[in-house]
Enquirer: 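Structure below; questions to follow.
Ligands are counted one by one from 1 in listed order, and the atoms in each one are counted from 1 as well. Positions are given from 1 along the sequence.
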Amino acid sequence: MRLNSHDEWSPLREVVLGSAAGYRSHVPDLSFDLFFYENLTQDNADRSHGYYPRLTGVPSTGEPRPSPRLTIKERYVDELNEDVEGMAATLRSLDVIVHRPMDVMSTTGDVRTPAWSAPVLPPLNLRDNTLILGDEIIETPPMLRARYFETQFLKRTFTEYFRQGARWTTMPRPLMTDASFDLAPYGHRAIGSTEAVSSPRSSPYDVGLEMMIDAAQCLRLGRDLVVNVATVNHAMACDWLERHLSGRVRVHRMHHVTDGHIDSAVLALRPGVLLVRSPDLSDRLPSPLRKWKMIVAPEPRASDFPSYEDDDLILTSRFIDLNVLSVSPDTVLANEGCPDLMRMLEGHGFTVVPVRHRHRRLFGGGLHCFTLDTVRDGGCDDYL
Ligand SMILES: NC(=[NH2+])NCCC[C@H](N)C(=O)O
């Protein structure tokens, strides 16, 4: 079918589901430290909300955490792959056509640019590096060096949509030297990395701050796009989106709802209904959205998650299970590990399809992150 995806909830017909094949380790560099700053520097107990303004705090223990292991235990990767394949089967059972990216081969070398090189991360959290708006594929400027060419693994699928008439745009690619990053929101030395956030290295390719943003910072609401802006990098990228979408989609900025991605803080389940971490988020939403009903997620329980060892790197907040995927205005895929949230959604009249995804806190994303919804029934409608 032709590319058509204007919102987060209308009946889902086609999706691209990520792949963790070849996932071996995290890649510690400045971009990693900044992207996961809250998780690397804050004690989880402090992260009751997981959104600003809390970066000024120091870990409640006062002591930095031990350096985490960057290689990921093979068992976790194997179980993640099992869970992703299980999600593919669930989506197909719901008559959703499931596309997959090309896998990273063991022979794949580092990604190399004039300014730096980094190992290549598998294309797992596809939500992050591509914004699908109606009939347009927009590849966003990445926040993580190791994900710089992640959308290359989607080339077969994107080319097929292009052949069927889709528009296909790549936002300006950042040089991503240390000087490209807005460090103002961060003040402390990142934990567990050789990169000191407070002393970036200079490069002959320094061009100052650059546009960088992930598509997971956006809510797609038909004619309206809501974008979370937490750094100058995000603000520059939002300037580009406003110019590019002018006359077609109205862009609304939210400030510092989180440090970046919002799909474990606020999601649109259907017109007029939001799923949120906390009602406090309301004052950060664009005013038309404040009138929408807010389903406030229950406080996550430690028992919702597998127990990990001290050197296992936790890369998400405990609210990661808000990361549900709507397959229609009244049906959502949710993690079977969060029974309280599933019961709550059912209490609000949703049909909840449970999906097993055990290690969502180790790989930085949940069911919504894993997916790129490319064909839905909805149009460029006015919901605000
Ligand atoms: N598309 C994504 N990868 N979203 C994941 C967001 C996770 C969020 N930073 C948290 O810690 O809860």
Enquirer: If you measure from atom 7 (C) of ligand 1 to every heavy atom of A215, C369, S264, which option wins on shortest distance?
Expert: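 The residue whose heavy atom sits nearest atom 7 (C) of ligand 1 is S264.
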Enquirer: Any idea which atoms of ligand 1 are less than 4.0 Å away from a heavy-atom of D263?
Expert: 1 (N), 2 (C), 4 (N), 5 (C), 6 (C)
Enquirer: Please determine whether a side-chain nitrogen of the Lys or Arg among R250 and D382 lies less than 4.0 Å from a carboxylate oxygen of the Asp or Glu.
Expert: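 Counted as a salt bridge, because a side-chain N and a carboxylate O are separated by less than 4.0 Å.
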Enquirer: Give the numbers and elements of all ligand 1 atoms closer than 4.0 Å to a heavy atom of A216.
Expert: 1 (N)
Enquirer: Going by the order shown, which atoms of ligand 1 are within less than 4.0 Å of some heavy atom of G364?
Expert: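 Under 4.0 Å from G364, ligand 1 has these atoms: 3 (N), 5 (C).
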Enquirer: Just heavy atoms, cut-off under 4.0 Å: does T316 contact ligand 1 by side chain, backbone, both, or neither?
Expert: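 It is both parts that get close, each with some atom under 4.0 Å.
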Enquirer: Please list, in number order, the atoms of ligand 1 under 4.0 Å from a heavy atom of S317.
Expert: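 Atoms satisfying the 4.0 Å criterion: 10 (C), 11 (O), 12 (O).
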Enquirer: Is it true that R356 and E82 have a side-chain N and a carboxylate O under 4.0 angstrom from each other?
Expert: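 Salt bridge flag = yes for E82 with R356.
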Enquirer: Taking heavy atoms and a distance under 4.0 Å, where does D128 meet ligand 1: side chain, backbone, both or neither?
Expert: side chain
Enquirer: Please, which pairs that meet salt bridge (Lys or Arg N to Asp or Glu O under 4.0 Å) have at least one residue in residues 106-124, sequence neighbours excluded?
Expert: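 Those involving residues 106-124 do not exist here.
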Enquirer: Under the 6.0 Å and 45° cation-pi test, does R173 pair with Y148?
Expert: yes
Enquirer: To the nearest 0.5 Å, what is the distance between SG on C338 and CG on D304?
Expert: 6.5 Å
Enquirer: So that I know where these two stand, are F36 and F32 an aromatic pair - ring centroids less than 6.0 Å apart?
Expert: yes
Enquirer: Any atoms of ligand 1 less than 4.0 Å from a non-hydrogen atom of R277? List them with their elements.
Expert: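 Every atom of ligand 1 under 4.0 Å from some heavy atom of R277: 10 (C), 12 (O).
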Enquirer: May I ask you to decide whether E74 forms a salt bridge with R24, counting only side-chain N to carboxylate O separations under 4.0 Å?
Expert: no
Enquirer: Would you say H261 and ligand 1 have an N/O pair spaced under 3.5 Å apart?
Expert: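 Yes, H261 has an N/O under 3.5 Å of an N/O on ligand 1.
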